[in-house]
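Quantities reported herein were computed from a predicted structural model and do not represent experimental measurements. First the proteins, then the strands, lettered A, B, ... as listed; each starts at 1.
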Number of protein chains: 2
Amino acid sequence: MRPEPEKLVKEAVERARASGLRRTKALEDVLSILIDACQPLTLADIAESKDLDSGADKATVYRLLMKLEERSLIRRLGLHDRSAYYTMILPGEHSDYLICNDCGRIEKLDIACPVQVLEKQIAKKSGFKKLYHELEFFGQCPDCAEKVG
Amino acid sequence: MRPEPEKLVKEAVERARASGLRRTKALEDVLSILIDACQPLTLADIAESKDLDSGADKATVYRLLMKLEERSLIRRLGLHDRSAYYTMILPGEHSDYLICNDCGRIEKLDIACPVQVLEKQIAKKSGFKKLYHELEFFGQCPDCAEKVG
DNA sequence: ATACATGCAAACATTTTGCTTTGGC
DNA sequence: GCCAAAGCAAAATGTTTGCATGTAT
(Lines give C-alpha, C1' and ligand atoms only; values in the text may rest on other atoms or scores of the structure.)
Protein backbone atom coordinates (compact mmCIF):
# COMPACT_ATOMS: atom_id res chain seq x y z
CA MET A 1 0.00 0.00 0.00
CA ARG A 2 0.86 3.62 -0.49
CA PRO A 3 2.80 5.47 2.22
CA GLU A 4 0.53 7.06 4.81
CA PRO A 5 -2.89 6.74 3.25
CA GLU A 6 -4.41 8.51 6.28
CA LYS A 7 -2.35 11.53 5.52
CA LEU A 8 -3.43 11.48 1.88
CA VAL A 9 -7.05 11.36 2.98
CA LYS A 10 -6.53 14.19 5.40
CA GLU A 11 -4.94 16.30 2.70
CA ALA A 12 -7.67 15.49 0.23
CA VAL A 13 -10.34 16.48 2.74
CA GLU A 14 -8.50 19.74 3.26
CA ARG A 15 -8.40 20.42 -0.45
CA ALA A 16 -12.10 19.65 -0.67
CA ARG A 17 -12.81 22.01 2.19
CA ALA A 18 -10.66 24.72 0.65
CA SER A 19 -12.70 24.40 -2.53
CA GLY A 20 -15.88 25.13 -0.66
CA LEU A 21 -17.21 21.73 0.38
CA ARG A 22 -18.39 21.04 3.91
CA ARG A 23 -16.68 18.47 6.04
CA THR A 24 -19.24 15.70 6.22
CA LYS A 25 -18.87 12.04 7.06
CA ALA A 26 -19.90 11.11 3.54
CA LEU A 27 -17.16 13.28 2.05
CA GLU A 28 -14.50 11.74 4.26
CA ASP A 29 -15.72 8.24 3.49
CA VAL A 30 -15.77 8.75 -0.26
CA LEU A 31 -12.29 10.27 -0.37
CA SER A 32 -10.95 7.57 1.88
CA ILE A 33 -12.45 4.81 -0.23
CA LEU A 34 -11.10 6.27 -3.47
CA ILE A 35 -7.64 6.70 -2.01
CA ASP A 36 -7.49 3.24 -0.47
CA ALA A 37 -8.69 1.62 -3.65
CA CYS A 38 -5.64 2.63 -5.71
CA GLN A 39 -7.76 2.09 -8.77
CA PRO A 40 -10.82 3.47 -10.53
CA LEU A 41 -14.14 2.77 -8.86
CA THR A 42 -17.73 3.04 -9.99
CA LEU A 43 -20.50 4.86 -8.22
CA ALA A 44 -21.87 1.50 -7.14
CA ASP A 45 -18.47 0.36 -5.87
CA ILE A 46 -18.40 3.33 -3.55
CA ALA A 47 -22.05 3.54 -2.57
CA GLU A 48 -22.11 -0.15 -1.65
CA SER A 49 -18.68 -0.28 -0.05
CA LYS A 50 -18.52 -1.65 3.46
CA ASP A 51 -16.12 1.21 4.16
CA LEU A 52 -18.86 3.74 3.59
CA ASP A 53 -19.43 3.96 7.32
CA SER A 54 -21.88 6.82 7.04
CA GLY A 55 -24.11 4.57 4.95
CA ALA A 56 -24.61 7.51 2.61
CA ASP A 57 -27.23 7.25 -0.10
CA LYS A 58 -26.29 6.54 -3.70
CA ALA A 59 -27.57 9.98 -4.69
CA THR A 60 -25.39 11.60 -2.08
CA VAL A 61 -22.33 9.76 -3.27
CA TYR A 62 -23.23 10.68 -6.82
CA ARG A 63 -23.48 14.37 -5.99
CA LEU A 64 -20.23 14.25 -4.10
CA LEU A 65 -18.49 12.67 -7.07
CA MET A 66 -19.82 15.44 -9.33
CA LYS A 67 -18.53 18.10 -6.98
CA LEU A 68 -15.17 16.43 -6.53
CA GLU A 69 -14.80 16.13 -10.28
CA GLU A 70 -15.67 19.79 -10.88
CA ARG A 71 -13.06 20.72 -8.33
CA SER A 72 -10.48 18.40 -9.94
CA LEU A 73 -10.00 16.23 -6.88
CA ILE A 74 -11.07 13.23 -8.85
CA ARG A 75 -11.31 12.32 -12.51
CA ARG A 76 -13.89 10.40 -14.46
CA LEU A 77 -12.22 8.01 -16.87
CA GLY A 78 -13.13 7.40 -20.46
CA LEU A 79 -14.97 9.29 -23.14
CA HIS A 80 -17.05 11.59 -21.10
CA ASP A 81 -20.69 10.89 -21.68
CA ARG A 82 -22.74 7.91 -20.80
CA SER A 83 -22.67 6.04 -24.03
CA ALA A 84 -20.38 3.34 -25.29
CA TYR A 85 -18.07 4.18 -28.17
CA TYR A 86 -17.14 1.78 -30.95
CA THR A 87 -14.39 1.99 -33.48
CA MET A 88 -13.21 -0.11 -36.41
CA ILE A 89 -10.21 -2.32 -36.00
CA LEU A 90 -8.38 -2.00 -39.28
CA PRO A 91 -5.41 -4.19 -40.11
CA GLY A 92 -2.18 -2.34 -39.43
CA GLU A 93 -3.92 0.72 -38.09
CA HIS A 94 -3.73 2.01 -34.56
CA SER A 95 -5.32 5.20 -33.33
CA ASP A 96 -4.90 7.53 -30.44
CA TYR A 97 -7.30 10.38 -29.80
CA LEU A 98 -7.42 13.96 -28.65
CA ILE A 99 -10.69 14.83 -26.97
CA CYS A 100 -12.11 18.11 -25.73
CA ASN A 101 -13.69 17.79 -22.31
CA ASP A 102 -15.94 20.77 -22.97
CA CYS A 103 -17.40 20.23 -26.45
CA GLY A 104 -16.67 16.52 -26.71
CA ARG A 105 -15.02 16.77 -30.08
CA ILE A 106 -12.88 13.73 -30.83
CA GLU A 107 -9.89 14.14 -33.07
CA LYS A 108 -7.75 11.37 -34.38
CA LEU A 109 -4.07 11.78 -33.64
CA ASP A 110 -1.61 11.06 -36.39
CA ILE A 111 1.33 10.26 -34.23
CA ALA A 112 3.84 7.52 -33.90
CA CYS A 113 2.50 5.90 -30.79
CA PRO A 114 5.32 5.45 -28.29
CA VAL A 115 3.48 2.78 -26.40
CA GLN A 116 3.95 -0.10 -28.80
CA VAL A 117 7.32 -1.02 -27.35
CA LEU A 118 6.04 -0.80 -23.82
CA GLU A 119 3.10 -2.98 -24.79
CA LYS A 120 5.41 -5.84 -25.68
CA GLN A 121 7.18 -5.57 -22.35
CA ILE A 122 3.92 -5.61 -20.47
CA ALA A 123 2.64 -8.57 -22.43
CA LYS A 124 5.74 -10.50 -21.47
CA LYS A 125 5.76 -9.46 -17.83
CA SER A 126 2.05 -9.80 -17.10
CA GLY A 127 1.34 -12.90 -19.12
CA PHE A 128 -1.73 -11.23 -20.63
CA LYS A 129 -2.89 -12.53 -23.99
CA LYS A 130 -4.37 -10.50 -26.84
CA LEU A 131 -2.91 -7.34 -25.40
CA TYR A 132 -3.75 -3.96 -26.92
CA HIS A 133 -3.96 -0.47 -25.55
CA GLU A 134 -5.91 2.72 -25.66
CA LEU A 135 -4.33 6.10 -25.36
CA GLU A 136 -6.40 9.24 -25.14
CA PHE A 137 -5.46 12.82 -24.52
CA PHE A 138 -8.05 15.08 -22.88
CA GLY A 139 -8.13 18.79 -22.36
CA GLN A 140 -9.78 21.98 -23.44
CA CYS A 141 -9.63 22.80 -27.14
CA PRO A 142 -8.76 26.33 -28.28
CA ASP A 143 -12.37 27.08 -29.31
CA CYS A 144 -13.77 26.16 -25.92
CA ALA A 145 -10.98 27.95 -24.08
CA GLU A 146 -11.95 31.11 -25.94
CA LYS A 147 -15.63 30.76 -25.06
CA VAL A 148 -15.22 30.41 -21.32
CA GLY A 149 -11.82 31.95 -20.77
CA MET B 1 -9.76 10.95 -46.14
CA ARG B 2 -8.27 7.52 -46.06
CA PRO B 3 -7.25 5.86 -49.34
CA GLU B 4 -10.11 3.91 -50.93
CA PRO B 5 -12.67 3.75 -48.18
CA GLU B 6 -14.93 1.68 -50.44
CA LYS B 7 -12.26 -0.96 -50.60
CA LEU B 8 -11.90 -0.96 -46.82
CA VAL B 9 -15.65 -1.42 -46.47
CA LYS B 10 -15.64 -4.23 -48.98
CA GLU B 11 -12.85 -5.99 -47.13
CA ALA B 12 -14.54 -5.51 -43.79
CA VAL B 13 -17.77 -6.98 -45.13
CA GLU B 14 -15.77 -9.95 -46.40
CA ARG B 15 -14.19 -10.47 -43.01
CA ALA B 16 -17.62 -10.27 -41.42
CA ARG B 17 -18.95 -12.82 -43.84
CA ALA B 18 -16.01 -15.10 -43.30
CA SER B 19 -16.72 -15.00 -39.58
CA GLY B 20 -20.22 -16.28 -40.15
CA LEU B 21 -22.35 -13.16 -40.53
CA ARG B 22 -24.85 -12.78 -43.34
CA ARG B 23 -24.49 -10.05 -45.89
CA THR B 24 -27.33 -7.71 -45.01
CA LYS B 25 -27.88 -4.09 -45.86
CA ALA B 26 -27.63 -3.17 -42.18
CA LEU B 27 -24.24 -4.86 -41.89
CA GLU B 28 -22.88 -3.01 -44.90
CA ASP B 29 -24.25 0.28 -43.63
CA VAL B 30 -22.82 -0.08 -40.14
CA LEU B 31 -19.36 -1.04 -41.37
CA SER B 32 -19.40 1.74 -43.90
CA ILE B 33 -20.41 4.32 -41.33
CA LEU B 34 -17.75 3.21 -38.86
CA ILE B 35 -15.05 3.25 -41.52
CA ASP B 36 -16.03 6.62 -42.93
CA ALA B 37 -16.20 8.16 -39.48
CA CYS B 38 -12.48 7.71 -38.74
CA GLN B 39 -13.37 8.03 -35.09
CA PRO B 40 -15.30 6.28 -32.36
CA LEU B 41 -19.09 6.39 -32.65
CA THR B 42 -21.91 5.62 -30.26
CA LEU B 43 -24.82 3.32 -30.92
CA ALA B 44 -27.00 6.38 -31.33
CA ASP B 45 -24.55 8.00 -33.75
CA ILE B 46 -24.87 4.97 -35.98
CA ALA B 47 -28.54 4.15 -35.53
CA GLU B 48 -29.54 7.74 -36.30
CA SER B 49 -27.01 8.36 -39.03
CA LYS B 50 -28.37 9.60 -42.34
CA ASP B 51 -25.99 7.12 -43.94
CA LEU B 52 -27.89 4.23 -42.45
CA ASP B 53 -29.77 3.77 -45.70
CA SER B 54 -31.45 0.60 -44.58
CA GLY B 55 -33.07 2.54 -41.75
CA ALA B 56 -32.18 -0.36 -39.47
CA ASP B 57 -33.65 -0.44 -35.99
CA LYS B 58 -31.55 0.55 -32.99
CA ALA B 59 -31.80 -3.00 -31.64
CA THR B 60 -30.52 -4.35 -34.92
CA VAL B 61 -27.57 -2.01 -34.92
CA TYR B 62 -26.92 -2.93 -31.32
CA ARG B 63 -26.86 -6.63 -32.06
CA LEU B 64 -24.63 -6.07 -35.05
CA LEU B 65 -22.16 -4.14 -32.90
CA MET B 66 -22.10 -7.00 -30.38
CA LYS B 67 -21.38 -9.51 -33.11
CA LEU B 68 -18.74 -7.37 -34.74
CA GLU B 69 -17.05 -6.87 -31.40
CA GLU B 70 -17.05 -10.59 -30.60
CA ARG B 71 -15.47 -11.20 -33.97
CA SER B 72 -12.88 -8.47 -33.41
CA LEU B 73 -13.92 -6.36 -36.34
CA ILE B 74 -14.63 -3.47 -34.05
CA ARG B 75 -13.65 -2.47 -30.55
CA ARG B 76 -15.57 -0.89 -27.75
CA LEU B 77 -13.53 1.81 -26.07
CA GLY B 78 -13.10 2.39 -22.38
CA LEU B 79 -13.54 0.31 -19.27
CA HIS B 80 -15.89 -2.32 -20.47
CA ASP B 81 -19.13 -2.07 -18.59
CA ARG B 82 -21.73 0.59 -18.60
CA SER B 83 -20.75 2.44 -15.51
CA ALA B 84 -18.57 5.46 -15.09
CA TYR B 85 -15.24 5.02 -13.31
CA TYR B 86 -13.73 7.58 -11.00
CA THR B 87 -10.23 7.86 -9.67
CA MET B 88 -8.35 10.17 -7.32
CA ILE B 89 -6.11 12.82 -8.76
CA LEU B 90 -3.17 12.85 -6.39
CA PRO B 91 -0.46 15.47 -6.66
CA GLY B 92 2.52 14.11 -8.54
CA GLU B 93 0.89 10.78 -9.23
CA HIS B 94 -0.03 9.42 -12.63
CA SER B 95 -1.47 6.00 -13.26
CA ASP B 96 -1.84 3.67 -16.17
CA TYR B 97 -3.86 0.49 -15.94
CA LEU B 98 -3.90 -3.10 -17.08
CA ILE B 99 -7.39 -4.49 -17.45
CA CYS B 100 -8.69 -7.96 -18.17
CA ASN B 101 -11.46 -7.97 -20.76
CA ASP B 102 -12.85 -11.22 -19.39
CA CYS B 103 -12.99 -10.79 -15.62
CA GLY B 104 -12.75 -7.02 -15.54
CA ARG B 105 -9.94 -6.94 -13.03
CA ILE B 106 -8.11 -3.63 -13.03
CA GLU B 107 -4.49 -3.53 -12.06
CA LYS B 108 -2.44 -0.43 -11.56
CA LEU B 109 0.72 -0.33 -13.61
CA ASP B 110 3.88 0.84 -11.96
CA ILE B 111 5.67 1.97 -15.03
CA ALA B 112 7.45 5.04 -16.18
CA CYS B 113 4.82 6.36 -18.53
CA PRO B 114 6.43 7.12 -21.87
CA VAL B 115 3.65 9.45 -22.89
CA GLN B 116 4.56 12.43 -20.75
CA VAL B 117 7.00 13.77 -23.32
CA LEU B 118 4.54 13.28 -26.12
CA GLU B 119 1.90 15.05 -24.09
CA LYS B 120 3.93 18.23 -24.02
CA GLN B 121 4.38 18.12 -27.78
CA ILE B 122 0.68 17.64 -28.32
CA ALA B 123 -0.19 20.45 -25.95
CA LYS B 124 2.00 22.77 -27.95
CA LYS B 125 0.85 21.63 -31.36
CA SER B 126 -2.88 21.42 -30.63
CA GLY B 127 -3.25 24.45 -28.43
CA PHE B 128 -5.26 22.40 -25.93
CA LYS B 129 -5.27 23.63 -22.35
CA LYS B 130 -5.30 21.47 -19.22
CA LEU B 131 -4.02 18.53 -21.16
CA TYR B 132 -3.76 15.11 -19.56
CA HIS B 133 -3.95 11.58 -20.84
CA GLU B 134 -5.25 8.15 -20.10
CA LEU B 135 -3.42 5.01 -21.06
CA GLU B 136 -4.94 1.61 -20.59
CA PHE B 137 -3.81 -1.82 -21.61
CA PHE B 138 -6.45 -4.45 -22.23
CA GLY B 139 -6.20 -8.15 -22.77
CA GLN B 140 -6.86 -11.52 -21.27
CA CYS B 141 -5.25 -12.20 -17.90
CA PRO B 142 -3.53 -15.55 -17.26
CA ASP B 143 -6.35 -16.78 -15.00
CA CYS B 144 -9.01 -16.16 -17.61
CA ALA B 145 -6.88 -17.57 -20.39
CA GLU B 146 -6.65 -20.79 -18.39
CA LYS B 147 -10.40 -20.98 -17.84
CA VAL B 148 -11.48 -20.68 -21.45
CA GLY B 149 -8.37 -21.79 -23.29
C1' DA C 1 -29.77 31.55 10.84
C1' DT C 2 -28.54 30.31 6.42
C1' DA C 3 -27.12 27.74 2.80
C1' DC C 4 -25.33 23.52 1.60
C1' DA C 5 -25.81 18.47 2.09
C1' DT C 6 -28.76 14.43 2.58
C1' DG C 7 -32.36 10.72 1.83
C1' DC C 8 -35.88 8.86 -0.62
C1' DA C 9 -38.35 8.33 -4.65
C1' DA C 10 -39.26 9.36 -9.16
C1' DA C 11 -37.58 10.59 -13.93
C1' DC C 12 -34.18 9.70 -17.59
C1' DA C 13 -31.12 7.75 -20.93
C1' DT C 14 -29.06 4.04 -22.77
C1' DT C 15 -28.51 -0.69 -23.19
C1' DT C 16 -30.33 -5.21 -23.42
C1' DT C 17 -33.83 -8.84 -24.12
C1' DG C 18 -38.29 -11.38 -25.85
C1' DC C 19 -40.92 -12.59 -29.41
C1' DT C 20 -42.73 -12.63 -33.97
C1' DT C 21 -41.73 -11.88 -38.79
C1' DT C 22 -38.51 -11.42 -42.65
C1' DG C 23 -34.92 -12.77 -45.67
C1' DG C 24 -30.04 -14.71 -46.70
C1' DC C 25 -28.12 -18.92 -47.72
C1' DG D 1 -36.84 -24.60 -46.01
C1' DC D 2 -33.92 -23.51 -42.19
C1' DC D 3 -31.77 -20.63 -39.18
C1' DA D 4 -29.80 -16.06 -38.59
C1' DA D 5 -31.23 -11.29 -38.68
C1' DA D 6 -34.67 -7.60 -38.22
C1' DG D 7 -38.37 -4.95 -36.16
C1' DC D 8 -41.06 -3.48 -32.43
C1' DA D 9 -41.83 -3.01 -27.80
C1' DA D 10 -40.87 -3.93 -23.16
C1' DA D 11 -37.44 -4.76 -19.36
C1' DA D 12 -33.18 -3.84 -17.15
C1' DT D 13 -29.43 -1.03 -15.60
C1' DG D 14 -27.11 2.89 -14.30
C1' DT D 15 -27.45 8.02 -13.94
C1' DT D 16 -29.66 12.25 -12.73
C1' DT D 17 -33.13 15.30 -10.57
C1' DG D 18 -37.02 17.15 -7.24
C1' DC D 19 -38.31 18.05 -2.95
C1' DA D 20 -38.66 17.96 1.97
C1' DT D 21 -35.52 17.54 5.92
C1' DG D 22 -31.16 17.66 8.42
C1' DT D 23 -26.73 19.81 9.56
C1' DA D 24 -22.10 22.24 9.01
C1' DT D 25 -20.72 26.76 9.24
Please tabulate, for the side chains in residues 63-76 of chain B, all donor-acceptor contacts under 3.5 angstrom to protein atoms that are two or more places apart in sequence or on a different chain.
| residue | atom | partner | partner atom | Å |
| --- | --- | --- | --- | --- |
| B/Arg71 | NE | B/Ser19 | O | 3.2 |
| B/Arg71 | NE | B/Ser19 | OG | 3.1 |
| B/Arg71 | NH1 | B/Lys67 | O | 3.4 |

Discussion item. If you assign A/Arg17 and B/Ser54 each to the DNA chain D nucleotide with the nearest heavy atom, which residue ends up on the more 5' nucleotide?
Written reply: B/Ser54

Response to the item:
Taken in chain and number order and not counting sequence neighbours, the residues that satisfy side chain to side chain contact (heavy atoms under 4.5 Å, CB included) with B/Arg82 are none

Practice prompt. Mark yes or no for a side-chain to base donor-acceptor pair under 3.5 Å between B/Arg22 and C/dC25, with no hydrogen or angle criteria applied.
Written response: no

Practice prompt. In whole angstrom, give the distance that lies between atom CG of B/Asp57 and atom P of D/dA9.
Written response: 9 Å

Discussion item. Run the side chain to side chain contact (heavy atoms under 4.5 Å, CB included) test against A/Asp96 and tell me which residues pass, sequence neighbours left out.
Written reply: A/His94, A/Leu109, A/Ile111, A/Cys113, A/His133, A/Leu135

Fill in: Side-chain N or O of A/Thr60 closer than 4.0 Å to phosphate OP1/OP2 of C/dG7
yes

Fill in: Partner set under salt bridge (charged side-chain N to carboxylate O under 4.0 Å, His left out) for A/Lys58, not counting sequence neighbours
A/Glu48

Item to complete: In whole angstrom, give the distance that lies between atom CG of A/Leu64 and atom P of D/dT23.
Response: 16 Å

Worksheet entry | Atom pair distance, as rounded to whole Å: CD in A/Glu70 and C1' in C/dA5 | 14 Å

Fill in: Distance below 4.0 Å between B/Lys67 side-chain N/O and D/dA4 OP1 or OP2
no

Item to complete: Name all pairs fulfilling the salt bridge (Lys or Arg N to Asp or Glu O under 4.0 Å) condition that reach into residues 17-27 of chain B, sequence neighbours left out, sorted by first residue then second.
Response: B/Glu14-B/Arg23, B/Arg23-B/Glu28, B/Lys25-B/Asp29

Worksheet entry | For A/Asp81, all residues meeting side chain to side chain contact (heavy atoms under 4.5 Å, CB included), sequence neighbours excluded | A/Ser83, A/Tyr85

Fill in: Of all pairs that satisfy salt bridge (Lys or Arg N to Asp or Glu O under 4.0 Å), the ones with a partner from residues 114-125 of chain B, not counting sequence neighbours
none

Item to complete: Output all residues satisfying side chain to side chain contact (heavy atoms under 4.5 Å, CB included) with B/Asp102, sequence neighbours left out; order by chain, then residue number.
Response: B/Cys100, B/Gln140, B/Cys144, B/Val148

Practice prompt. Could you state the atom-to-atom distance from CG of A/Leu21 to P of D/dT23 in whole Å?
Written response: 18 Å

Fill in: Listed partners of B/Tyr86 passing ring pair (Phe, Tyr, Trp, His ring centres under 6.0 Å), at least two apart
none

Response to the item:
Per the under-4.0 Å heavy-atom filter, residues of residues 23-30 of chain B near DNA chain D come out as B/Thr24, B/Ala26

Practice prompt. May I have the distance from A/Asp81 (atom CG) to D/dG14 (atom P), rounded to whole angstrom?
Written response: 17 Å

Worksheet item: Once Watson-Crick and G-U wobble pairs under 3.5 Å are found, how is DNA chain D written in dot-bracket notation, 5' to 3', with | for any base paired to another strand?
Response: |||||||||||||||||||||||||

Worksheet, complete the sentence: Once base and sugar-phosphate atoms are separated, protein heavy atoms under 4.0 Å mark nucleotides 13-20 of chain C, 5' to 3', with B, S and - as SSSBBBB-

Discussion item. I need the B/Phe128 CZ to B/Ile122 CD1 distance, nearest 0.5 Å.
Written reply: 10.0 Å

Worksheet item: Taking a hydrophobic cluster as the set of Ile, Leu, Val, Met, Phe, Trp and Tyr residues connected by side-chain heavy atoms closer than 4.5 Å, whether directly or through intermediates, do B/Val9 and B/Leu21 fall within one such cluster?
Response: yes

